[in-house]
Amino acid sequence: MRDDNCIFCKIANGEIPSETIYEDETFRVILDLGPASKGHALILPKQHYSDICELDEDVAAKVLPLAAKIGTAMKKSMNCAGFNVVQNNGVEAGQTVFHFHVHIIPRYEKGPVMVLWVPGEVSPEELTETGAAIRSTL
């Protein structure tokens, strides 16, 4: 299903122009207009899913192989040293457009530091409690 009010639905279905680097029956992959680094791309499903929790399982099964394909092409064509695969869910996680999408961000030697965090500390008891809480809802 499409959402007629969703800008990513319109881009994914070709109603709004974009710099498309890949397209098939399920996805359109475009270059991001506000890139974190040169070549930053977005994988957009043509159907509307607000986030990963709504994503169709058949579509989900195709996302990581496509991310690897795009990332491999970036390494060959852009000479990047690696790439990040980033997917945000919810405002607090940094999601700004509520149409499931995956960022493929090329990383270059001596490029900007991004997608890092300072490891925290946790006690064995807290791990046990947290694990139990998550397992109880699976």
Legend entry - Trace of the side chain to side chain contact (heavy atoms under 4.5 Å, CB included) decision for Asp3 with His99: CA-CA 9 Å; Asp3 179 341; His99 177 111; over 6 Å; no
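Scanning both residues, Arg135 and Thr128, for their nearest heavy atoms gives NH2-O, 4.4 Å. Here the closest non-hydrogen pair linking Tyr22 and Asp24 is OH-OD2, 2.9 Å. Taking both residues in full, the closest heavy atoms of Val29 and Ala41 are given as CG1-CB, 4.0 Å, listed atom of the first, atom of the second, then distance.
Within 6.0 Å of CG in Leu127 there are more than 12 heavy atoms belonging to other residues, nucleotides or ligands.
Checking side-chain atoms of Glu54 against main-chain N and O of Ser50 turns up a donor-acceptor pair under 3.5 Å. Judged by distance alone, the side chain of Ser37 and the main-chain N or O of Ile105 form no donor-acceptor pair under 3.5 Å. Although no hydrogens or angles enter the test, the distance criterion places no donor-acceptor pair under 3.5 Å between the side chain of Asn89 and the main chain of Asp51.
Inter-residue side-chain proximity for His103 and Asn88 is flagged as met; some heavy-atom pair is nearer than 4.5 Å. When side chains are defined from C-beta on, Asp56 does not count as touching Gln47, because their heavy atoms never get closer than 4.5 Å.
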What side-chain donor-acceptor pairs closer than 3.5 Å can you find for residues 5-13, not counting sequence neighbours?
residue	atom	partner	partner atom	Å
Lys10	NZ	Asp4	O	3.4
Asn13	ND2	Cys9	O	2.8
Asn13	ND2	Lys46	O	3.0

Could you give the side-chain donor-acceptor pairs of residues 60-86 under 3.5 Å, partners two or more places apart or in another chain?
residue	atom	partner	partner atom	Å
Lys62	NZ	Thr26	OG1	3.4
Thr72	OG1	Ala68	O	2.8
Ser77	OG	Ala73	O	2.8
Asn84	OD1	Arg107	NH1	2.6

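With hydrophobic clusters built from ILVMFWY side chains whose heavy atoms lie under 4.5 angstrom apart, Ile43 does not share a cluster with Val97. Under the 4.5 Å side-chain heavy-atom criterion for Ile, Leu, Val, Met, Phe, Trp and Tyr, Leu55 and Phe98 are members of distinct hydrophobic clusters.
In this structure, CD on Gln87 lies 10.5 Å from CD1 on Ile104, to the nearest 0.5 angstrom. With rounding to the nearest 0.5 Å, the separation of OG in Ser18 from CG in Leu44 is 7.5 Å. Interatomic distance, CD1 of Ile21 versus CG of Leu42, reported as 9.0 Å (0.5 Å rounding).
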